[in-house]
There are 2 protein chains.
Amino acid sequence: MSHPKLEVSPVARLFKALSDQTRLRIVALLSHGELCVCHVQAALKLPQPNVSRQLGILRSAGLVEDRREGSWVYYRLKPQADSDCERQIRGLVQGFAKDAALGREVERLLKSKGPGKCEAGR
Amino acid sequence: MSHPKLEVSPVARLFKALSDQTRLRIVALLSHGELCVCHVQAALKLPQPNVSRQLGILRSAGLVEDRREGSWVYYRLKPQADSDCERQIRGLVQGFAKDAALGREVERLLKSKGPGKCEAGR
DNA sequence: TGCCGATATATGGGTATCGGTATATACTGA
DNA sequence: TCAGTATATACCGATACCCATATATCGGCA
């Protein structure tokens, strides 16, 4: 309240959510398509609670949205209402698109996508 | 080291530096031109050690560079070596450019720029 | 040298964050 | 209803952060 001008909070919230290496890697994965938690878990080789927690942080920051399908919960990047945030996200995704190894990894995950396939990579 | 692929650390470092409201506001100011510490201090109405510390964080993150001129130290945005970081910064600056109030504020500061003028705004 | 303004750093308290482990919830199928 | 899988949350200790205050450093000038 003390600084009516120079208010930049939506972007600050965005950057705060993206200031963690793990969350950035999740966004990098999701920039190539919707994935369920266990896919992210397999891709990043991280314990499940950690992945779930980071996804929750991204969700409450409005960066991703989720969709339940049976036992599985699929996450995807969420379009940003704030135009500044949207531009930042687009720039980020544009950078990830250049990463060939990342593309291959996500492609492999997407092939094993769907119910009953979540043991991929174990 | 444990994740050779999916490495996004330079951007993560950038976002971490930008994840703070105060630092974002400083970058917003500097996006309109070089300023000395006392100008930033006056613009944001923050205690001097706070401004100096946040500027130091931005500097060690490679986001700004400084130049001493007599007693005054001027800070400016630093071009990013990493192309992803450069793109994000450009997007950010582009967003700040739309802020009319911000533009007026910086203009006022720039008019009082220079040695002996740092009492501007007090 | 000594003083002064500008800037930087040190210190301490309160708070937030991160990761690991354990546990809880949600859904499916028998 | 029970068992099993997928996901979320609670709790904990360690660490990192933010701020305010106090102090230190630096440059200019008398």
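Note on naming: letters A, B, ... go to the chains in the order of the sequence lines (proteins, then strands), and numbering restarts at 1 for each one. This one's a predicted model, so the numbers in the text were calculated from it and none came from an experiment.
Here the CZ-OG distance, from B:Arg90 to B:Ser31, works out to 14.0 Å after rounding to the nearest 0.5 Å. To the nearest 0.5 Å, the span separating SG on A:Cys36 from CZ on A:Arg68 amounts to 11.5 Å. From B:Phe15, atom CZ reaches atom CG of A:Leu24 across 6.0 Å, with rounding to the nearest 0.5 Å. Expressed to the nearest 0.5 Å, how far CG of B:Leu14 lies from OG of B:Ser19 amounts to 10.0 Å.
Between A:Gly70 and A:Pro47, the residue whose closest nucleotide on DNA chain C is further toward the 5' end is A:Pro47. Remark on DNA chain C: of its neighbouring residues A:Ser71 and A:Asn50, the 5'-side contact belongs to A:Asn50, judged by nearest-heavy-atom nucleotide. A residue-by-residue look at B:Pro49 and A:Pro49 shows that A:Pro49 has its nearest nucleotide of DNA chain D further toward the 5' end.
Between B:Glu69 and B:Arg67, at least one side-chain nitrogen of the basic residue sits less than 4.0 Å from a carboxylate oxygen of the acidic one, meeting the salt-bridge criterion. For the pair A:Asp84 and B:Lys98, the salt-bridge criterion is met [side-chain N within less than 4.0 Å of a carboxylate O]. In summary, A:Glu65 and A:Arg76 engage in a salt bridge, as defined by a charged side-chain N under 4.0 Å from a carboxylate O.
Distance, B:Leu58 CG to D:dC18 P: 11 Å, rounded to whole Å. Following rounding to the nearest Å, B:Gln41 (CD) and D:dA20 (P) show an atom-to-atom distance of 12 Å. In this structure, CD1 of B:Ile26 is placed 11 Å from P of D:dC18, rounded to the nearest angstrom. Between the P atom of D:dT7 and the OH atom of A:Tyr74 lies a distance of 8 Å, rounded to the nearest Å. Separating the CD atom of B:Gln21 from the C1' atom of D:dC18 is a distance of 13 Å, rounded to the nearest angstrom. Here D:dT7 presents its C1' atom at 15 Å from CG of A:Leu35, a figure rounded to the nearest Å. In this structure, CG of A:Leu24 is placed 15 Å from C1' of C:dC18, rounded to the nearest angstrom. As a whole-Å value, the separation of B:Ile57 CD1 from D:dC17 P is 8 Å.
Proximity of a side-chain donor or acceptor of A:Glu86 to a complementary backbone N or O of A:Gln80 within less than 3.5 Å is detected.
Within 4.0 Å of A:Arg68, counting heavy atoms only, lie sugar-phosphate atoms of the nucleic acid but no base atom.
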Protein-nucleotides 12-17 of chain C N/O pairs closer than 3.5 Å?
from   : atom 1 : to      : atom 2 : distance (Å)
C:dT17 : OP1    : A:Lys16 : NZ     : 3.4

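For A:Val73, whose side chain is taken as the heavy atoms from C-beta onward, the closest listed nucleotide among D:dA8, C:dG19, C:dT7 is D:dA8. In the set D:dC19, D:dA6, C:dG20, D:dA6 carries the atom at the smallest distance from any side-chain atom of A:Trp72. Distances were taken from every side-chain heavy atom of A:Cys38 (C-beta onward) to each of D:dT7, C:dT9, D:dA8; the shortest belongs to D:dT7.
Using modelled atom types and a 3.5 Å distance limit, the side chains of A:Arg59 and A:Tyr75 yield a donor-acceptor pair.
For a distance-only test at 3.5 Å, the side chain of A:Gln48 fails to qualify as a donor-acceptor partner of the base of D:dA6.
Applying the 4.0 Å criterion to OP1 and OP2 of D:dA6, one finds that A:Tyr75 has every side-chain N and O outside that range.
Partner B:Leu63 forms a side chain to side chain contact (heavy atoms under 4.5 Å, CB included) with one of B:Leu58, B:Leu55, B:Leu30, B:Ile26 and no other, that one being B:Leu58.
The rotation axes computed at either terminus of the helix from C:dT1-D:dA30 to C:dA30-D:dT1 lie 10° apart, taking five pairs at each end and rounding to 10 degrees.
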